[in-house]
Structures are given as structure tokens and as C-alpha cells.
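Order of listing sets the numbers, starting from 1, for every ligand and every atom in it. Index from 1, following the sequence.
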Amino acid sequence: MKSTKFVKKCTGINSAGAFEKPCPNNEMETNSSVRQERGRGDVRHSSHVIREVGSAAHSLRSQKKQKMAQFEEVSQKSKLHPKPEGLTLQYGTAGFRTHAKHLDHIMFRMGLLATLRSKKTKSTIGVMVTASHNPEEDNGVKLIDPMGEMVTVVWEGYATQLANAEQDSLLKELKDIIEKEGIDMSEPASVYIGKDTRPSSASLSQAVLDGVSSLGGKTHDYGLVTTPQLHYMVCCCNTHGSYGSPTTEGYYQKLSQAFLQLTQNVPNRTDDQKRLLVDGANGIGALKMREMEPFLRSELQVVLSNDGSSGKLNHMCGADYVKVQQKAPQGMNMGVGERCCSFDGDADRIVYYYTDSKGCFHLLDGDKIATLISTYLKELLTQAGLNLQIAVVQTAYANGSSTRYLEDVMKVAVCCTKTGVKHLHHAAQEYDIGVYFEANGHGTVLFSKAAQKQIQELVKDSNTNDEKKHAVKLLESTVNLINQTVGDAISDMLVIEAVLAIRGMSVQDWDAIYTDLPNRQLKVTVSDRRVIDTTDAERKAVTPEGLQDTIDSLVKKYKNARSFVRPSGTEDVVRVYAEADTHESADSLAHEVSLAVYRLAGGVGDKPKPLH
Ligand code: NG1
Ligand code: ZN
């Protein structure tokens, strides 16, 4: 380590790996033999010093050669992953996402970027190859920061910069990032890689591996894992095992142990209560659920459908389909009143549902999940006598009824952020306990370090009474069951199942906590969705002129109504959301607002048609 530092300073290799003029405060001059020579005022070098200078020069030459060779390798290998000329993509709310055929160069370059990020943070970085709930033909990539969180905004910018560099300026852009961030290229790098089940994922994750190895980074390829599993691995690695062991087995063990602890004292749980129908979206979540089943020792009896053995990924199934279409997935054999849930394509989202005796479909989305979990946690805090602040973080898509219930009935603080998990995650970090969920079912709970410490201390406190002890033990197991790095369908499912069991609630009881306002989500295609600019956590459109006024006057025509529009971060569309007192009103308002977007924001193709 010392010798590399020495050479770096001596040679004046800047952090971008380019050569600058030798630095005046050359570390060679602090070498003791040189100091002695100077002390004697002798300008000639002793043979010893000459040998040192000679060997330093040799080492400098070999370092220079190595550096050149390193970038030479990037240059050579990048030719095997060429960028289609003119193609520009942006690192959006969920990384890069588009048709898989456009992504090979992006993957190689994200391998390069993850290596730089690893050198910069001196930690392991994750790269997940997935396009989540998008169609099977798409793919995508997301970078995972050291604690398992999303990469920072500045690095999202670098990702876009690197992704869009034409072939001949790739090295220049790479060196620009190295220089801006002052990255020491002699630092080692370690990158964890995972992929979902899409046919394109194998070759695309190979391109990531190529990128990392061309910069000399080390890789650990986890192969097929869910997105949250990879986040968990990265966090385990960088916390040196204190979050858990960085293997899929370690993940199953940690979660199942916590689940079994939570449910072990629940009296008289019948097989019906233990039974859960799971739609795996024909994706990775189904595979991983199968692997996990033995660890749950029949305390949860999963009936898996859309397990990938025949159907297509996310096609007519999965959490996004169920949430947006507000209907059950295909391929699921639901009995009346049976508790069911759907994962999305990379198992970081979950929604629950059931059908009643009249054949009516009932959806329990991210808002209902946040309500169930925050109510349960609040109750446990009271029982344990812990004074910790709990808050729920939502987006504009949260159903108005959920916000009202949380604020007015539960007296829980509610905070609204822009769409995109990273915004919710950051907001949730501000509280002792931050429960965050997007309405689409992506979410988790964050416990601050101080909150976790208080819980652990109370567990050990021999002076607490039985009721308190019981409550705080439940809290402790709940902390262990939750994947705090990111929303996790498997972890969330186990938390929900445990909470329902502990509170003796059926899915119908849970659904009855509050009644959702009927709502509708639509998409409008416009020539450039960036013409829509929003404010107030995306609840108000600032541009184009006149759009917000039009929305306001349309909303006034309906009872209990609300509507907003925003450009999607993952699709080339404008999203329209509307809610009102009846389904007809919500549909009609959504349609009228769609027409306004089409008219005022440059709609293309056919005019939006009424829903009925
Ligand atoms: P966009 O396409 O920006 O609306 C969608 C979801 C987000 C988030 C991302 C990433 C909705 C309305 N939007 O973003 O909540 O999950 O995908 O997957 O559900
Ligand atoms: Zn997902």
C-alpha cells in the first residue's frame, strides 16, 4: 500500500490516471537518505540514492505501463460492447430501463462505474440486472450503494454521462469522473452482481462482469437473485456480517427465524390461516419462494402460481398488473375470501387481494400495507413504553382515504414525497421509525440506530414487566424480519403474515380498516413529456401553462375528488391519476384530465377514449 502511494505522489499521476508534471512536494524527498544528503549540502547523489531514484523511475515506468494497460483493456473490451450511435438513455427513477437489445454497452459501462464507485467508497457495490415489472423483452440495471441503498444523485448523473458517451470519448468521460471524484485507482474494487430471470439477463450480466474486470475489479456473481436479496448481500458485506450473512441461505435463515419467533406464540393458528396464495409473476420471486419454503417449516403454507414454469414474465400477472388493472392475475385459482398476494418481476413489490362472495375483487395495496404495519408498530411501542416517533411516508399516488385514516384516526405523522423509492427512503430516515410504501406495493420500514439500540436495551432489561417484555421482543423480531435496505416482497409478505397472525385478523378485517376512494391511473403519450414540470411533491403541474387551472376546474365537478399528472420516470408517457367518490366519477375525471394533457401538453396518436 505504502509503495503505491509513494509512486503515485512521486510520479504525479493524477486521480484520473493521467500524468501531470511531478508534484513539487515529492514524497521521494522526504526519504531519509535524501534528507541526509541534503543536510550535508551535497548536490551529488550517493550511489544508494541513485539506485533508489533508478528503482523509483523503474517502478514509475511500470506503474505508467500498468495504468496505460488498464485503460487499454477498457478501450479494447468496450469495442466488444459498442454503443449504438445516437442512442441516449437516462438513469431514471429505477436505473436504466429499455428494450434489452439496447443495453449491452450500458451494462459494460455500469460495470466500469460500479468499479469506480467501489474504489471511491472503499466498499462493495452492487449491480442488479432487471427491469422489474416491465415486459419480458425489456431489461435494465440499477447500482446499489454500500449500505444497500440506491446510488446517490451525483453518481446517477455520472451513470448517464458514461452511458451516453460515444465510443471514442468513453475513456475521456471515465477519466473525467475519476478526476472529479479524486478516485485513487490503486484502491481495490469489489462488485456484487445479480440478475432476474429474463432471457436477456445472462448475457447482459456478463457484460457487467466484463466492465468490472477490465478495470481490474473483483466480482461476486450471485446469479439469479431478487433485487432486495442483492441489496441485502451488499449491506451484509459492508457491515462485516452484522446485518446478516451475505448468502441466500443467510437471508432465508435470518428472515425465517424472525418469522418463526413472531408466530410461535400465536395460539390456534389454523391451516387456513397459514395458507397464502402467491402469484410469482413468472419471475425470480417464485424461484426464491420455493427455495425459502423449507426454512418456514410449514408455519406459512405457500400455494405458488405463475411460478415461471409456463407463463411469460409479468404477462397478465404480477403486482403491477394487479394494481393498475385492479383485477386478479391470470393463472391463479382463488377461492372466495382467500388471502392472495402478487410479487412483481424482481420481487421488490407486493400487493394483497381477495374476492368476496359476490365476486367483487378487493385490492390491499401499499397504502393498506403501510397502515397495517404502522398501526401494529405503534401499538407495540405503546405496550413496550417506548417513546419513539413513527411516521408514514407516501407519494401523491397514496389513496386519500389512507392519508386521512393515518392522520385523523391513527394520529401518525404522514409525509408526502416525489415518486421514486429513493425519495421515500430518504424521508423515512428522518424518523425513529419510518414506514414508507408506494401505493404500488414497494416499501419497507427503517429503524434508526437509536431506535434499534433502545429496543435491544429494553429486551435485555431485567426490570421490565411481562407485557413490556413481550411487546419489545416482538419489536426486536420485527426489526430482524424487515429488509431495511429496500422494499422486499418476501420480507414484506412475512411481516404482513406475522402481523395478521399476531393480531388475529383476517384479510377482510384488514381491508375494513378504511375504504379506498375509487381511483384510476391512465397514461397519455405526448411528443415530449418533459414539457410537464411539477411541484408540491408532484401534486401540481407548473407547466404547460393552463394545465393546472384546467385540472383544478375539472376536479371541482366531482365529489371527494383529486387529480394530478406527472411525466413517468420509467416509460415515455405522462401518468394521470384521479380519485373521486364513485368509480364512474374517478374514471370520468381521469379521462377528462387525460384529454387536457393531450390538448395542452402535445399529445400524439389517437385522442384518449372514454373508459365506458
Ligand atoms: P414512474 O414510471 O416514474 O411512474 C414507476 C412507479 C414508481 C416506481 C418506479 C420504479 C407508479 C405510479 N410509478 O415510476 O412508483 O416504483 O416505477 O419501479 O407506480
Ligand atoms: Zn420491482
Side-chain angles (χ1 to χ4, degrees), residues 90-98 128-136 138-142 144 150 156 194-198 201 225-231 280-286 288 313-314 317-326 342-351 363 365-367 370 393-399 416-425 436-444 483 486-492 519-525 529-530 532 534 537-539 563-579 590:
Q90 196 173 354
Y91 195 97
T93 26
F96 292 104
R97 218 180 267 190
T98 186
M128 182 70 197
V129 176
T130 180
S132 184
H133 57 275
N134 282 40
E136 189 170 272
D138 284 2
N139 216 321
V141 61
K142 284 186 265 201
I144 304 169
M150 307 283 167
E156 283 184 4
K195 59 171 182 270
D196 71 13
T197 55
R198 282 160 217 269
S201 290
V225 281
T226 69
T227 295
Q229 281 178 333
L230 192 67
H231 283 253
N282 289 317
I284 185 67
K288 298 296 146 178
L313 178 72
N314 295 329
C317 62
D320 198 61
Y321 174 86
V322 173
K323 166 73 183 160
V324 176
Q325 303 297 324
Q326 304 189 24
S342 284
F343 296 175
D344 75 336
D346 61 342
D348 62 356
R349 289 190 196 178
I350 186 168
V351 292
L363 176 71
D365 62 3
D367 305 334
V393 184
Q394 303 185 315
T395 71
Y397 291 100
N399 196 280
C416 183
T417 71
K418 280 162 73 170
T419 303
V421 179
K422 65 174 181 232
H423 301 296
L424 290 106
H425 193 93
Y436 75 81
F437 271 89
E438 292 188 309
N440 60 32
H442 185 121
T444 186
N483 184 346
V486 77
D488 181 336
I490 294 179
S491 155
D492 290 340
N519 59 88
R520 178 64 63 193
Q521 246 193 73
L522 295 175
K523 301 178 195 180
V524 182
T525 310
R529 67 194 200 275
R530 288 171 303 181
I532 298 193
T534 63
E538 302 175 320
R539 288 172 291 196
S563 179
F564 66 92
V565 301
R566 55 173 280 281
S568 158
T570 61
E571 284 179 74
D572 194 8
V573 295
V574 174
R575 292 201 198 282
V576 171
Y577 176 86
E579 64 185 33

Take every heavy atom of K323, measure it against each atom of ligand 1, and state whether any distance is under 4.0 Å.
no
For ligand 1, which atoms have a heavy atom of A94 less than 4.0 angstrom away?
10 (C)
Heavy-atom gap R97 to ligand 1 smaller than 4.0 Å
yes
Does the side chain of H442 come within less than 4.5 Å of V486's, by heavy atoms?
yes
Out of N440, L424, T419, the nearest non-hydrogen contact to atom 19 (O) of ligand 1 is supplied by N440
Closer than 4.0 angstrom: is that true for some heavy atom of R575 and an atom of ligand 1?
yes
Hey, does Y397 come in under 3.5 Å of ligand 1, counting only N/O atoms on both sides?
no
As an exercise, identify every atom of ligand 1 less than 4.0 angstrom from a heavy atom of T93.
3 (O)
Answer yes if the side chains of S201 and N139 hold a donor-acceptor pair under 3.5 Å, and no otherwise.
yes
N/O separation below 3.5 Å, G569 to ligand 1
yes
So do the side chains of R539 and C416 get within less than 4.5 Å of each other, counting heavy atoms only?
yes
Here the atoms of ligand 1 under 4.0 Å from any heavy atom belonging to R566 are 1 (P), 3 (O), 4 (O)
Can you report which non-hydrogen protein atom sits closest to atom 9 (C) of ligand 1, along with the distance?
T570 CG2, 4.1 Å
Please determine if S568 has a nitrogen or oxygen closer than 3.5 Å to a nitrogen or oxygen of ligand 1.
yes
State the atom name: nearest N, O or S atom of D348 to the Zn ion (ligand 2).
OD1
Would you say the Zn ion (ligand 2) has S132 as a near neighbour, meaning an N/O/S atom of that residue under 2.8 Å away?
yes
In terms of heavy-atom contacts, G280 and A286 come closest through CA-CB, 4.0 Å
Keeping the roles fixed (side chain from Q521, backbone from V324), state whether a donor-acceptor pair exists under 3.5 Å.
no
Pick one: which of E571, R97, R198 meets side chain to side chain donor-acceptor pair (under 3.5 Å) with N134?
R97
Taking the side chain as C-beta and beyond, is there a heavy-atom pair between I532 and R575 under 4.5 Å?
no
Nearest 10°: the angle subtended at the Zn ion (ligand 2) by D344 OD2 and D346 OD1?
100°
Atom 8 (C) of ligand 1 has as its nearest protein heavy atom E438 OE1, 3.4 Å
R349 N/O to ligand 1 N/O under 3.5 Å
yes
Does the S563 side chain pair with the main chain of Y577, one donor and one acceptor, at a distance under 3.5 Å?
yes
